[in-house]
**Q** 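Let me give you the structure first, and then I'll get to my questions.
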Amino acid sequence: MIWNKEFETLSRESLEKVQLERLQSVVERVYGAVPYYRQKMDDAGVKPSDINTLSDINKLPYTTKEDLRLNYPFGLFTVPMEEVVRVHASSGTTGKPTVVGYTKKDIETWAELMARALACGGADKGDMVHNAYGYGLFTGGLGAHYGAERLGATVIPVSGGNTKRQIMLMQDFGSTVLLCTPSYALNLAENIAEMGIDPAKLKLKVGIFGAEPWSVNMKEEIEKKLNLDAIDIYGLSEVMGPGVSCECIEGKNGLHIFEDHFIPEIIDPESGQPKSIGEMGELVFTTITKEAFPVIRYRTKDLTKLSDEPCACGRTFHRMQRVTGRTDDMLIIRGVNVFPSQIEHVLMSVEGVEPHYQLLVDRKGALDTLEAQVEVSEDIFSDEIKVLEQLSKNIEKEIKDLLGITCKIKLVEPKTIQRSEGKAQRVIDNRKL
Ligand code: DLL
C-alpha cells in the first residue's frame with residue numbers, strides 16, 4: 001500500500017521543485033539560527049542566496065559526526081529548547097553520545113514517515129505489530145512505535161530481551177508484523193525452534209528489519225527460519241531515526257528514500273567529490289523538513305549506491321542499495337580491505353554453518369590477523385575432527401578466493417557466540433584495545 005500517494009509518486013520534476021523550495025528554506029534557517037553553521041558557510045564562501053538550483057547543494061560544506069561532537073549536546077539545534085519536545089541519543093562506542101532533538105512537528109513528521117515505511121514494507125491497518133526494537137534513547141523503539149500507531153495498526157511495545165516471553169505473546173496475540181534488528185530476529189527464530197513451535201503456525205507475515213548491516217544470505221536465512229518476508233529498513237538518529245528509507249514488499253530490491261524530506265547524495269569518501277547515480281560511495285543526507293535539528297550534507301559513513309530505475313510498486317523515489325558496510329567498519333587485513341558483511345555473505349552460503357559468528361582481529365608482530373568464529377549445527381559439530389578441519393579449510397579457501405584475504409576459521413559448537421538483543425557486535429578488534 002502507498003501511504004502518501006501525493007508525494008510518493010511525484011514526477012521527478014515536481015519532486016525537485018518541492019526539494020529546492022525546502023532546501024532553500026532550511027539553509028536560510030540554519031544560517032540564521034546556528035552560529036556554527038553560519039561560520040562554516042562563511043568559511044566556504046556560500047550564502048543562502050547562492051542556493052538557486054538543486055545542484056547548488058554542492059556549494060554547501062559537509063557536516064560530520066565531529067561537528068556534532070564539538071557542539072554537544074544541543075549546540076546545533078535551530079529552535080529554543082522550549083520547543084524541543086524530545087531528545088534521543090546514539091549510544092556510540094566511545095566518548096559522548098550524539099544527541100538529536102525534535103519539535104512537536106518533527107515527531108509528527110517522523111510518525112508519518114515511519115507509517116509510510118511500514119506500509120511500504122507490507123504492514124497495514126489491522127496488523128498486530130510486534131515492536132522489539134529497543135525503547136529508550138535509541139530511536140528504533142519509539143520511532144517505530146509512533147509510525148505503527150499512525151498506520152492504524154495495533155502496537156505490542158515489547159522492546160528487546162525476555163525472548164521466551166516475547167514468543168509467548170507473539171503466539172497469544174497473533175503478531176503479524178515483526179520489527180527488530182536482523183540479529184534479534186535470528187535470536188527469536190532460534191528460540192522459537194527450541195520451544196518446539198512451528199513458525200508456519202505463527203501469524204507472522206512480514207519482518208521489517210534494520211539498524212545494522214545484514215547480507216542477502218542472512219535475509220534468506222531469516223525468511224526461511226521465520227516463514228515471513230524480510231524487508232530492509234534504514235535510518236540514523238542524526239537524520240531522524242528509522243524511516244529514512246525502506247524496501248517495498250512488491251519489489252524487495254533496494255530501499256526507497258523519502259526524498260521529499262531527505263536529499264541523498266553519494267560521494268567519494270576519500271576525496272569528498274560527488275558521484276553519479278549507480279556509483280558506489282558514501283551516503284550523504286540533507287534533511288529539508290526537520291525543525292529542531294536539521295542537518296546539512298551529513299556524512300553518514302554508510303556505503304551504498306543509488307538507483308533511478310522504475311519500481312514495480314509505483315513509487316518514484318530513488319532507491320538505495322542495502323548498506324553493506326560503513327567506511328569506519330572496513331577492516332584492513334594485511335593491506336586488503338574487507339567488510340564484515342562480505343565475510344558474512346561467504347559464511348552464510350556454506351551448508352551447515354549457522355548465522356552466528358564473530359570476527360576477531362588482532363596483530364601478531366607487524367601482521368594483522370583475522371579469525372572468524374562461527375557456529376555449526378549440532379550434527380556437524382559432532383562429526384569427526386577430520387571432517388571439521390576439512391570444512392574449515394574449504395571455507396578459508398572460499399574466503400581467500402573471493403575476497404583475497406586470509407581468514408582463519410574456527411568452527412564452534414552451537415550457542416557459543418553471544419546472542420544479540422539489539423545491534424549485534426560482529427567484530428572484536430583487539431588492535432584497538
Ligand atoms: O539504527 C535507526 C534505525 C532503527 C534504523 C531501527 C532502522 C531500524 P542509529 O542507532 O543512529 O540509528 O544507527 C544508524 O545504523 O548509519 C547504519 O550504519 C546502521 N543502519 C541502520 N539501518 C541499517 C540497515 C538506527 N537497514 C546506523 N542496513 C546507520 C545497514 C543500517 N545498516
Side-chain angles (χ1 to χ4, degrees), residues 62-66 68-69 90-95 98 181-183 210-219 232 234-239 245 255 264-275 278-285 297-306 320-349 355 357-364 366-374 395-396 398-409 420 423-433:
Y62 292 122
T63 306
T64 63
K65 192 123 189 157
E66 179 64 6
L68 271 48
R69 207 183 56 75
S90 75
S91 50
T93 42
T94 48
T98 303
T181 59
S183 55
E212 63 185 5
W214 49 313
S215 62
V216 173
N217 285 348
M218 180 74 88
K219 169 195 148 101
D232 195 3
Y234 169 89
L236 63 165
S237 335
E238 296 89 323
V239 171
S245 65
L255 298 82
E265 295 174 79
I266 297 290
I267 64 166
D268 181 324
E270 302 281 321
S271 67
Q273 283 306 309
K275 289 196 158 199
E279 287 185 313
M280 200 67 192
E282 179 181 348
L283 183 60
V284 169
F285 277 114
R297 303 191 89 198
Y298 183 71
R299 293 187 59 161
T300 65
K301 296 196 169 167
D302 291 322
L303 294 165
T304 185
K305 60 182 176 187
L306 300 179
M320 55 186 259
Q321 192 187 53
R322 66 195 303 115
V323 171
T324 45
R326 294 171 52 81
T327 53
D328 54 2
D329 71 12
M330 184 177 76
L331 300 169
I332 306 181
I333 305 295
R334 302 186 191 182
V336 183
N337 302 348
V338 65
F339 287 99
S341 59
Q342 291 176 290
I343 299 174
E344 174 182 305
H345 192 78
V346 178
L347 294 175
M348 294 305 97
S349 63
Y357 70 94
Q358 201 154 44
L359 305 178
L360 307 175
V361 190
D362 219 326
R363 182 165 286 146
K364 297 232 164 64
L367 289 182
D368 297 320
T369 60
L370 174 63
E371 177 178 289
Q373 298 194 345
V374 54
I395 304 175
E396 284 168 5
E398 186 85 0
I399 291 180
K400 181 89 196 171
D401 289 351
L402 285 170
L403 307 174
I405 54 157
T406 305
C407 175
K408 187 172 172 341
I409 297 292
S420 142
K423 299 191 190 223
Q425 192 188 3
R426 300 284 190 205
V427 181
I428 298 179
D429 195 339
N430 290 316
R431 298 174 303 183
K432 290 183 184 155
L433 293 180

**Q** Using modelled atom types only, decide if a donor and an acceptor are shared between the side chain of Glu396 and the backbone of Lys408 within a distance under 3.5 Å.
**A** no
**Q** Assess whether a salt bridge exists between Asp232 and Lys219, defined as any Lys/Arg side-chain N lying under 4.0 Å from an Asp/Glu carboxylate O.
**A** no
**Q** Are any side-chain N or O atoms of Arg334 and backbone N or O atoms of Asp368, one a donor and one an acceptor, separated by less than 3.5 Å?
**A** yes
**Q** Can you name the closest pair of heavy atoms from Glu282 and Thr327 and give their distance?
**A** OE1-CG2, 4.4 Å
**Q** Where do Ile266 and Thr304 come nearest, in terms of heavy atoms and distance?
**A** CD1-O, 3.7 Å
**Q** Taking Thr300 for its side chain and Leu283 for its backbone only, find out whether a donor-acceptor pair lies under 3.5 Å.
**A** yes
**Q** Is there a donor-acceptor pair closer than 3.5 Å between any side-chain N or O of Gln358 and the backbone N or O of Ile428?
**A** no
**Q** Look only at the side chain of Asp268 and the backbone of Gln273, and say whether a donor-acceptor pair between them is shorter than 3.5 Å.
**A** no
**Q** Locate the shortest heavy-atom distance separating Thr324 from Phe339; write the atom from each residue and the value.
**A** O-CB, 4.3 Å
**Q** Would you find a donor on one side and an acceptor on the other, under 3.5 Å apart, between the side chain of Tyr62 and the backbone of Gly272?
**A** yes
**Q** Mind running side-chain contact (heavy atoms from CB on, under 4.5 Å) on Met280 and Lys305 for me, showing each step along the way?
**A** CA-CA 5 Å; Met280 200 67 192; Lys305 60 182 176 187; 4.1 Å; yes
**Q** May I ask you to decide if Trp214's main-chain N or O and Arg322's side chain share a donor-acceptor pair within less than 3.5 Å?
**A** yes
**Q** Lys423 and Ser183: side-chain donor and acceptor closer than 3.5 Å?
**A** no
**Q** Taking all non-hydrogen atoms of both residues, which atom of Arg326 and which atom of Leu303 are closest, and how far apart?
**A** C-CD1, 4.1 Å
**Q** With a cut-off of 6.0 Å (strictly less than), are more than 12 heavy atoms of other residues, nucleotides or ligands near NZ of Lys275?
**A** yes
**Q** Could you report the tightest heavy-atom contact between Ile267 and Pro274, atom names first, then the distance?
**A** CG2-CA, 4.1 Å
